[in-house]
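Quantities reported herein were computed from a predicted structural model and do not represent experimental measurements. Lettering follows sequence order; numbering is per chain, from 1. What you see below is based on every heavy atom in this structure, not just the backbone, and it leaves out hydrogens, waters and symmetry mates.
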Amino acid sequence: MNHWLMKSEPETFGINDLAARPARTEPWDGVRNYQARNMMRDAMRPGDPIFFYHSNCAVPGIVGIAEVASAAYPDPTAFDPRAQYFDPKSDPAKPRWYLVEVRYVRHLRRVISLAELKTYAERELAGFPLVRPGNRLSIMPVSPAQWTLILGLEDRAKADG
DNA sequence: GCCAACGTTGGC
DNA sequence: GCCAACGTTGGC
């Protein structure tokens, strides 16, 4: 089993939107980055846990937990000329873009902010893409040790810095 | 809103 | 295949 972190902008589709979906599940469409696609298509399995991360907002950070809810399949929005993420180069016979469905599990009891996570960037979270400057990956793997450390922060008093 | 980082595109 | 231009991401 692999662990993951997936970013989403709360004004576009936040964790509350996911929780409000039928079956609390949503196809993670619109990913148009090859690294992110490869992780969904080649490495994600149903049941894999996901940190749900809010980006591009007042307090970017991990806000909840979700899980992979389907195997990967071609992203239908890539074939739809009216869709925002239409890609004319993606051929249904040889799809370029894939997605997995994501299911809400729970909110964290508090937001674990990016600022807080960065305080571990030199040690426990060294090598974690999220805390590396300039990183823009919207989907990234989380090692078991990183997962345990981050989740362990949930009920701890917020470290400053 | 600014802008740095960085992936993609396309001319050559 | 190089690389400049361009677009996007996302923190601040």
Side-chain angles (χ1 to χ4, degrees), chain A residues 2-21 26-44 48-66 68 72 74-102 104 107-143 146-147 149-151 153-154 156-161:
Chain A
N2 295 309
H3 299 76
W4 305 97
L5 181 145
M6 298 174 88
K7 297 180 182 174
S8 193
E9 302 190 13
E11 294 206 357
T12 304
F13 189 83
I15 190 164
N16 291 329
D17 298 303
L18 181 62
R21 280 293 192 261
E26 178 76 357
W28 208 257
D29 57 26
V31 172
R32 298 291 180 265
N33 170 281
Y34 288 105
Q35 271 183 276
R37 177 210 61 188
N38 292 347
M39 285 185 270
M40 289 199 290
R41 188 190 59 188
D42 304 333
M44 283 191 172
D48 282 358
I50 301 164
F51 281 140
F52 197 104
Y53 178 92
H54 279 176
S55 65
N56 226 343
C57 55
V59 183
I62 298 168
V63 296
I65 294 175
V68 177
D75 182 344
T77 68
F79 310 131
D80 179 358
R82 296 158 305 170
Q84 179 180 1
Y85 296 107
F86 173 58
D87 180 355
K89 295 177 200 158
S90 186
D91 176 356
K94 197 165 183 278
R96 177 179 292 195
W97 304 112
Y98 284 75
L99 57 75
V100 298
E101 296 181 3
V102 170
Y104 172 88
H107 280 66
L108 293 188
R109 288 180 283 279
R110 69 181 183 91
V111 175
I112 301 174
S113 71
L114 177 63
E116 180 176 358
L117 292 168
K118 279 183 172 174
T119 67
Y120 299 90
E122 302 303 320
R123 299 199 51 173
E124 292 93 337
L125 295 183
F128 188 40
L130 187 74
V131 296
R132 280 210 299 264
N135 166 70
R136 297 183 307 158
L137 261 185
S138 64
I139 299 174
M140 67 188 73
V142 181
S143 76
Q146 291 162 350
W147 181 274
L149 172 91
I150 294 167
L151 202 53
L153 300 175
E154 184 178 14
R156 219 176 286 172
K158 182 180 175 180
D160 212 17

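- The CD1-P distance, from Ile139(A) to dG10(C), rounds to 11 Å in whole Å.
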Distances under 3.5 Å between nitrogen or oxygen atoms of protein and nucleotides 1-9 of chain C:
| from | atom 1 | to | atom 2 | distance (Å) |
| --- | --- | --- | --- | --- |
| dT8(C) | O2 | Arg136(A) | NH1 | 2.5 |

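- Not counting sequence neighbours, the partners of Leu149(A) by the side-chain contact (heavy atoms from CB on, under 4.5 Å) test are Tyr120(A), Glu124(A), Leu125(A).
- Near-neighbour residues of DNA chain C inside residues 29-38 of chain A, defined by a heavy atom below 4.0 Å, are absent.
- Rounded to 10 degrees, the angle between the two end axes of the helix from dG1(B)-dC12(C) to dC12(B)-dG1(C) is 10°, with five pairs used at each end.
- Not counting sequence neighbours, Trp4(A) has no partner by the ring-ring contact (aromatic ring centres under 6.0 Å, His included) test.
- Between Arg96(A) and Gly134(A), the one whose closest nucleotide on DNA chain B sits nearer the 5' end is Gly134(A).
- For Arg21(A), the side-chain hydrogen bond (donor to acceptor under 3.5 Å, both in side chains) partners are Glu26(A), not counting sequence neighbours.
- The OH atom of Tyr53(A) sits 8 Å away from the P atom of dG10(C) (whole-angstrom rounding).
- Residues forming a side-chain hydrogen bond (donor to acceptor under 3.5 Å, both in side chains) with Asp80(A) (at least two apart in sequence, or on another chain): Arg82(A).
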Please list every donor-acceptor pair under 3.5 Å in which a side-chain atom of residues 5-18 of chain A meets a protein atom from a residue at least two apart or in another chain.
| from | atom 1 | to | atom 2 | distance (Å) |
| --- | --- | --- | --- | --- |
| Lys7(A) | NZ | Leu137(A) | O | 3.1 |
| Ser8(A) | OG | Phe13(A) | O | 2.5 |
| Glu9(A) | OE2 | Asn56(A) | ND2 | 3.2 |
| Asn16(A) | OD1 | His107(A) | NE2 | 2.8 |
| Asp17(A) | OD2 | Gly14(A) | N | 2.7 |

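- As a whole-Å value, the separation of Glu11(A) CD from dG11(C) P is 13 Å.
- The existence of a salt bridge linking Arg110(A) and Glu116(A) is confirmed by a sub-4.0 Å separation between a basic side-chain nitrogen and an acidic carboxylate oxygen.
- Annotation: side-chain hydrogen bond (donor to acceptor under 3.5 Å, both in side chains) contacts of Tyr85(A) (sequence neighbours excluded): none.
- Whole-Å rounding puts the Glu116(A) CD to dG11(C) P distance at 15 Å.
- Ion pairing between Asp75(A) and Arg32(A) holds under the 4.0 Å rule for side-chain N and carboxylate O.
- Applying the side-chain hydrogen bond (donor to acceptor under 3.5 Å, both in side chains) rule to Arg96(A) yields the partners Tyr34(A); only residues at least two apart in sequence or on another chain are considered.
- With sequence neighbours left out, Phe51(A) forms a ring-ring contact (aromatic ring centres under 6.0 Å, His included) with Trp147(A).
- Sequence neighbours left out, not one pair with a member in residues 132-142 of chain A passes side-chain hydrogen bond (donor to acceptor under 3.5 Å, both in side chains).
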